[in-house]
Amino acid sequence: MIAVIDYGAGNVRSVLNALAFVGAEARLTRLPDDILAAEGLILPGVGSYTSCISALRSHGLEAPLRQRVLENHVPFLGICVGMQMLSTVGLEGGATSGLNWIAGATQKIIPAAGQKLPHVGWSPIQILRPHPVLNGLHGLDMYFTHSYQLIPDQAEDLLATCDYGEAITAAVGHGCVLGVQFHPEKSGDQGLRLLENFLAWTGKP
Amino acid sequence: MIKTRLIPTLLLKQGRMVKGRQFGGFRDTGHPVKAAQVYNDQYVDELIFLDIGAARAGTATDFEIIAKVSENVFMPFTVGGGIRSLDDIARALYYGADKVALTTAAVETPALLEQAAHRYGNQCLVIGLDISYQNGEPRLMTHSGSQMTGLDPVAFAREAVARGAGELLVHCIDRDGMMQGYDIPMIARISAAVDVPVIALGGAGKLDDFATAIREGGASAVSASSIFHFTDQSPIKVRNYLKYQGFHVRV
């Protein structure tokens with residue numbers, strides 16, 4: 001059972017639809033018991049770092065997630081702000097402490113002159129380090145919509161980038177934790193492929 | 001590098017798809033769910049659904065269609081037409097929309113933009129600017145083109161972005177459905193005035209119109225409706241043409 005975390009942050013219906021489409025047994029839940037029993041965890045997230053992390057904590061979800069992922073090593077996928085929250089700190093309107101599962105900071109993208117923000121649309125991802133969940137996806141277009149990026153402290157945690165004047169973070173990972181900035185549930189066939197890869201992943205990088 | 005987007009717009013009225021000219025004379029153009037699936041098969045970048053029945057009559061937006069479409073179409077959707085409150089936005093997002101398009105509400109209740117941007121993030125907020133010319137002067141229109149405001153579209157565009165718009169949908173009423181090209185000067189003025197992506201809509205009639213909107217209008221995305229309903233041009237042909245012209249698009 002894949003637990004999709006329900007903490008009031010954004011469009012979970014598309015994540016659930018995509019998981020159903022690829023044949024996953026998935027459940028939208030905010031119950032710690034479900035998290036502690038899940039074989040895989042997906043954390044969606046849309047909106048602001050601050051309001052998402054605050055909602056996650058106020059629902060009492062940080063502790064069971066930490067236990068299931070960092071102690072039990074169950075595969076975890078964070079999407080968009082669900083990925084950004086993995087960082088040590090979020091720098092959107094002041095400094096907010098994140099989950100700190102991937103050392104680094106989430107900060108605003110600095111656009112080149114004439115470049116638009118938010119970064120919206122399809123962009124090919126460049127995979128820097130091989131990872132089972134990103135297998136077969138190098139150079140394929142994924143859908144992004146964001147103004148912030150997670151910059152990891154450790155180079156080996158940066159798994160993929162895309163080009164927006166300069167390289168911006170597309171995916172990060174550490175152990176059984178994976179985060180993607182783009183939306184696999186909105187990225188057509190290649191996004192579904194990523195979800196299939198996730199379902200098959202044992203959690204070892 | 002991020003690719004320029006091609007986004008078909010589907011106008012909805014009481015569960016059917018419709019299309020008109022200059023926001024009037026609407027004809028039935030088919031079933032929206034089936035059309036969405038055809039567009040999906042042609043790998044369009046996003047879809048925009050505008051419920052003009054709700055926009056005009058002040059009734060509730062039809063979200064059932066979105067729920068149906070999102071079951072097996074995995075690309076971003078924007079839903080607009082009749083969205084007037086945080087509650088409407090929450091429902092749109094719940095039913096599968098990634099973004100909401102606010103046009104009348106952006107004029108009548110501007111505080112809604114800040115509230116929505118704060119709660120959901122500006123990337124989910126598309127502000128629609130419906131523009132018509134009165135004595136040569138551009139004016140912002142509301143209620144699906146039926147009411148005129150005294151507002152200048154460029155100034156309003158800046159204000160909408162300041163309040164939280166993540167994208168602007170610049171829709172020229174006078175060119176809508178006429179298939180004589182986009183309103184390039186207006187698109188260019190607004191694209192230059194703001195830092196958010198601008199989606200051009202209204203007037204596409206031939207393949208080169210899309211190229212002009214990007215090259216001269218500075219649009220980050222091009223949207224169209226009539227050309228796909230009433231001619232044999234398709235999103236595939238549009239994208240191949242744009243690629244051939246040197247633009248960065250998904251093919």
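The figures that follow rest on heavy atoms only: side chains count, while hydrogens, waters and symmetry mates do not.
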*Asks:* Less than 4.5 Å apart, side chain to side chain, heavy atoms only: is that true for A:P111 and B:D195?
*Replies:* no
*Asks:* Over all heavy atoms of both residues, which pair between B:D45 and A:W122 is shortest? Give the atoms and the distance, please.
*Replies:* O-NE1, 3.0 Å
*Asks:* To the closest 0.5 Å, what do you measure between OG (A:S48) and CZ (B:R119)?
*Replies:* 11.5 Å
*Asks:* Check whether more than 12 heavy atoms from other residues, nucleotides or ligands sit under 6.0 Å from atom OH of B:Y241, and answer yes or no.
*Replies:* yes
*Asks:* Checking B:K3 side chain against A:P124 main chain: does a donor-acceptor pair fall under 3.5 Å?
*Replies:* no
*Asks:* Working to the nearest 0.5 Å, report the span between CD of B:Q123 and CG of A:L117.
*Replies:* 11.5 Å
*Asks:* Take A:N17 and B:F74 through the test side chain to side chain contact (heavy atoms under 4.5 Å, CB included) and record every step on the way to the result.
*Replies:* CA-CA 9 Å; A:N17 284 343; B:F74 300 105; 3.9 Å; yes
*Asks:* Measure A:S147 against the heavy atoms of chain B and call it side chain, backbone, both or neither at under 4.5 Å.
*Replies:* side chain
*Asks:* Would you mind checking which part of B:S70 comes under 4.5 Å of any heavy atom in chain A, side chain (CB onward), backbone (N, CA, C, O), both or neither?
*Replies:* both
*Asks:* Does atom NE2 (A:H131) have a neighbourhood of more than 12 heavy atoms from anything else shown, all under 6.0 Å?
*Replies:* yes
*Asks:* What part of A:T145 is in contact with chain B, defined as an atom under 4.5 angstrom from a non-hydrogen atom: side chain, backbone, both or neither?
*Replies:* both
*Asks:* Please flag which part of A:L16 lies under 4.5 Å from any non-hydrogen atom of chain B: side chain, backbone, both or neither.
*Replies:* neither
*Asks:* Looking at B:P197 and A:P118, what are the two nearest heavy atoms and their distance?
*Replies:* CG-O, 3.7 Å
*Asks:* Quick check: closest heavy atoms across A:S14 and B:G96, and the distance to 0.1 Å?
*Replies:* OG-O, 4.0 Å
*Asks:* How about B:H248: does its NE2 atom have over 12 heavy atoms from other parts shown lying under 6.0 Å from it?
*Replies:* yes
*Asks:* Counting only heavy atoms closer than 4.5 Å, note whether A:Y143 contacts chain B via side chain, backbone, both or neither.
*Replies:* side chain
*Asks:* Please check if atom CD in B:E114 has more than 12 non-hydrogen atoms from other residues, nucleotides or ligands closer than 6.0 Å.
*Replies:* yes
*Asks:* With a 6.0 Å cut-off (strictly less than), is the heavy-atom count around NZ of B:K243, excluding the residue itself, greater than 12?
*Replies:* no
*Asks:* Among B:V198, B:V73, B:N40, B:V196, which residue forms the greatest number of heavy-atom pairs with chain A at distances under 4.5 Å?
*Replies:* B:V196
*Asks:* Any idea which of A:K116, A:H183, A:H146 has the most non-hydrogen atom pairs under 4.5 angstrom with chain B?
*Replies:* A:K116
*Asks:* Begin with the C-alpha distance, continue with both residues' side-chain angles, and end with the deciding distance and a verdict on side chain to side chain contact (heavy atoms under 4.5 Å, CB included) for A:V120 and B:S220.
*Replies:* CA-CA 9 Å; A:V120 183; B:S220 300; over 6 Å; no
*Asks:* Assess whether atom OH of B:Y43 is packed by more than 12 heavy atoms of other residues, nucleotides or ligands within 6.0 Å.
*Replies:* no
*Asks:* At a heavy-atom separation under 4.5 Å, does B:A97 approach chain A through its side chain, its backbone, both, or neither?
*Replies:* backbone
*Asks:* Which residues pass the salt bridge (charged side-chain N to carboxylate O under 4.0 Å, His left out) test with B:D98, not counting sequence neighbours?
*Replies:* A:K186
*Asks:* Just wondering, more than 12 heavy atoms not from B:R215 lying within 6.0 Å of its CZ?
*Replies:* yes
*Asks:* May I ask you to check whether over 12 heavy atoms, not counting those of A:I110, lie within 6.0 Å of atom CD1?
*Replies:* no
